[in-house]
There are 2 protein chains.
Amino acid sequence: MVPSIAITNRSLHDQVANRVRDLIIDGSLEPGSRIDEAQLIEDLGVSRTPFREALRTLAAEGLVIVRPSKGSIVRKLTPEDVFSMLEVLGQLERLAGELVCVRASDEEIESLVTLHERMMSYYDDRDRMPYYKLNQEFHSRLTELSKNETLKEMQSNIQARLKHIRYIGSQKPGSWDGAVADHEEMVLALNDRDGERLGEAMASHLLKTWVRVKDSI
Amino acid sequence: MVPSIAITNRSLHDQVANRVRDLIIDGSLEPGSRIDEAQLIEDLGVSRTPFREALRTLAAEGLVIVRPSKGSIVRKLTPEDVFSMLEVLGQLERLAGELVCVRASDEEIESLVTLHERMMSYYDDRDRMPYYKLNQEFHSRLTELSKNETLKEMQSNIQARLKHIRYIGSQKPGSWDGAVADHEEMVLALNDRDGERLGEAMASHLLKTWVRVKDSI
DNA sequence: TACCTCAAGAGTGTATACAAAATACATGTA
DNA sequence: TACATGTATTTTGTATACACTCTTGAGGTA
């Protein structure tokens with residue numbers, strides 16, 4: 001009933017998977033590096049069984065590569081990987097944009113606009129980290145409001161795979177202005193419930209993201 | 001070097017995951033039913049460790065649901081699940097259609113057309129099962145030729161999730177003619193390398209698939 | 001009868017032990 | 001020195017044992 005109890009009730013497997021996911025995203029585990037099982041189970045204080053189950057989960061999610069009898073490594077994305085992910089993510093969010101204009105309530109659309117405005121105030125302050133976090137949330141929430149569970153799931157998965165490099169990218173100066181302009185366009189389309197325009201804005205935003213992140217790979 | 005050796009070299013985990021996947025697709029394991037760990041490890045002749053790792057993989061793929069301390073069940077798709085999957089699959093294959101027209105070689109396009117013609121000959125004979133298999137292969141191969149690995153991966157995943165109900169659906173009479181007409185349109189667009197038209201045909205084909213399969217759920 | 005309570009059994013989660021494979025390294029040879 | 005070979009060490013894969021949690025159902029109570 002109390003959330004914290006629900007969390008501690010989750011299986012060790014899930015907790016381990018989440019912990020390792022975080023280590024990958026923040027770069028504690030470097031892309032391409034071997035995952036030292038002995039070291040990590042020591043750090044996390046669990047035995048090999050739940051740890052290895054967690055690795056299988058992460059492998060299915062595409063964050064880790066398990067090489068039979070040769071250990072696991074953190075997946076290192078090639079530029080081609082990243083491009084293909086952004087291309088697909090763009091297409092998924094295009095659909096999300098179209099659907100959200102049809103399926104979301106006025107209140108839900110309003111909540112997205114509010115989110116956008118909070119982002120903009122961080123932009124005005126040039127406060128990158130909270131902007132980065134709200135940006136992720138905006139895309140997640142918009143996809144959620146498309147009311148398509150599968151779409152949400154696929155979008156989350158790709159976002160998770162890209163999180164590390166976008167996290168890196170968000171720390172150094174880039175063409176931030178362009179991204180903000182894209183978002184302004186999205187909100188205009190959203191207010192008009194113009195699905196086609198919003199979808200187009202989402203897709204082209206993610207294609208431009210490629211230009212912004214490709215140098216940090 | 002020899003493929004069969006590579007296969008036997010795969011970890012038990014992978015073999016188990018593949019076996020169970022097949023059992024789910026052909027319906028030996030009924031959707032919604034509990035997965036009897038003891039029974040299955042007996043049948044497959046493995047111990048619990050690799051079996052449970054396989055379950056985690058299948059869970060991440062969305063074929064199985066693991067309920068902590070309460071055992072695993074074969075995921076049973078609701079009509080909403082299926083609709084959302086077809087909506088996303090349609091959008092993914094729309095992209096595949098657009099890309100294949102740009103990125104595939106003449107030979108590759110030709111191979112798709114050949115595949116289509118083989119399908120048609122099974123259609124003429126009203127031979128459902130081989131038609132069904134070639135149909136899956138056509139969509140898989142077309143997506144593969146879009147030369148986007150992520151797109152291929154996501155398409156395969158959704159296709160796997162839907163495989164069981166489409167397998168069921170393929171066994172009973174339906175509006176087969178409509179599906180064939182859709183495919184004829186795809187091949188016309190493909191021959192013209194008209195990406196937009198092909199993409200549109202793919203997407204609308206999968207939306208119509210919803211109408212065809214929704215009663216078998 | 002309807003509803004608790006609390007064993008007993010079954011099933012699930014985790015740790016550990018052992019087996020098999022890969023890697024690292026030392027030794028010998030050309 | 002460069003390379004091959006065999007052995008020690010480390011790491012990975014799998015089986016099993018034990019602990020814990022759920023489910024079931026018998027017995028008791030209102």
Side-chain angles (χ1 to χ4, degrees), chain A residues 1-21 23-24 29-30 32-61 63-76, chain B residues 1-21 23-24 28-61 63-76:
Chain A
M1 187 165 282
V2 178
S4 63
I5 287 175
I7 288 166
T8 52
N9 273 354
R10 271 199 308 220
S11 66
L12 254 189
H13 155 84
D14 285 320
Q15 295 176 40
V16 170
N18 289 337
R19 280 287 272 117
V20 176
R21 224 180 262 115
L23 293 176
I24 292 174
L29 293 174
E30 245 174 272
S33 69
R34 230 182 91 268
I35 293 177
D36 188 337
E37 215 176 277
Q39 179 70 54
L40 271 174
I41 66 173
E42 169 74 24
D43 293 354
L44 300 176
V46 294
S47 75
R48 292 178 65 209
T49 310
F51 181 79
R52 302 192 91 241
E53 287 183 10
L55 276 188
R56 294 297 185 188
T57 298
L58 297 172
E61 288 173 3
L63 289 174
V64 150
I65 302 202
V66 182
R67 303 164 307 174
S69 298
K70 292 191 175 178
S72 306
I73 58 173
V74 179
R75 178 166 175 189
K76 183 173 187 171
Chain B
M1 185 163 283
V2 179
S4 64
I5 287 175
I7 287 167
T8 52
N9 273 355
R10 271 197 309 220
S11 66
L12 256 189
H13 155 84
D14 285 321
Q15 295 176 41
V16 171
N18 289 337
R19 281 287 273 119
V20 176
R21 222 179 265 115
L23 294 175
I24 292 173
S28 305
L29 294 173
E30 244 175 272
S33 69
R34 229 182 93 275
I35 292 177
D36 189 337
E37 215 176 277
Q39 179 69 55
L40 273 173
I41 67 173
E42 169 73 24
D43 293 354
L44 300 176
V46 295
S47 75
R48 291 179 66 208
T49 311
F51 181 80
R52 303 192 89 242
E53 288 182 10
L55 276 188
R56 294 297 185 188
T57 298
L58 297 171
E61 288 173 3
L63 290 174
V64 151
I65 305 213
V66 181
R67 303 164 307 174
S69 297
K70 292 189 175 178
S72 306
I73 58 174
V74 179
R75 178 165 176 190
K76 183 173 186 170

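Throughout, a chain's letter reflects where its sequence line sits, starting with A, and its residues are numbered from 1.
- Side-chain nitrogen and oxygen atoms of R34(B) include at least one within less than 4.0 Å of the OP1 or OP2 phosphate oxygen of dT12(C).
- Protein atom CD1 of I35(A) is 14 Å distant from nucleotide atom C1' of dT12(D), rounded to whole Å.
- For the pair H13(B) NE2 and dA15(D) P, the computed distance is 14 Å after rounding to whole Å.
- Atoms CG and OG, from L12(A) and S47(A) in turn, are 7.5 Å apart once rounded to the nearest 0.5 Å.
- Considering OG1 of T57(B) and CD of E53(A), their distance stands at 9.5 Å, rounded to 0.5 Å.
- The residue among L12(A) and D36(B) whose nearest nucleotide of DNA chain C is located toward the 5' end is D36(B).
- Here R21(A) pairs with E61(A) in a salt bridge; the nearest charged N to carboxylate O distance falls below 4.0 Å.
- Going from atom CD of E42(B) over to atom P of dT16(D) covers 12 Å, rounded to whole Å.
- One can place CZ of R56(A) at 11 Å from C1' of dT12(D), the figure rounded to the nearest angstrom.
- Going from atom CG of L44(B) over to atom P of dT14(D) covers 13 Å, rounded to whole Å.
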Practice item. Summarise protein proximity over nucleotides 18-23 of chain D in one line of letters, 5' to 3': B for base, S for sugar-phosphate only, - for none, counting protein heavy atoms closer than 4.0 Å. Key: ----SS
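- A heavy-atom distance below 4.5 Å is found between the side chains of I24(A) and V64(A).
- No side-chain heavy atom of I35(A) sits less than 4.5 Å from a side-chain heavy atom of I73(A).
- In this structure, I41(A) atom CD1 and dA17(C) atom P are separated by 12 Å, rounded to whole Å.
- Not one side-chain nitrogen or oxygen of T49(B) sits closer than 4.0 Å to the OP1 or OP2 atom of dT14(D).
- In this structure, L58(A) CG and L55(A) CG are separated by 6.5 Å, a value rounded to the nearest 0.5 Å.
- Note: CD (Q39(B)) to P (dA10(C)) measures 15 Å, nearest angstrom.
- Proximity of I65(B) to R75(B): side-chain heavy atoms (C-beta onward) are separated by under 4.5 Å at one or more points.
- Of all nucleotides listed (dT12(D), dT14(D), dT14(C)), dT12(D) comes nearest to the side chain of E37(A).
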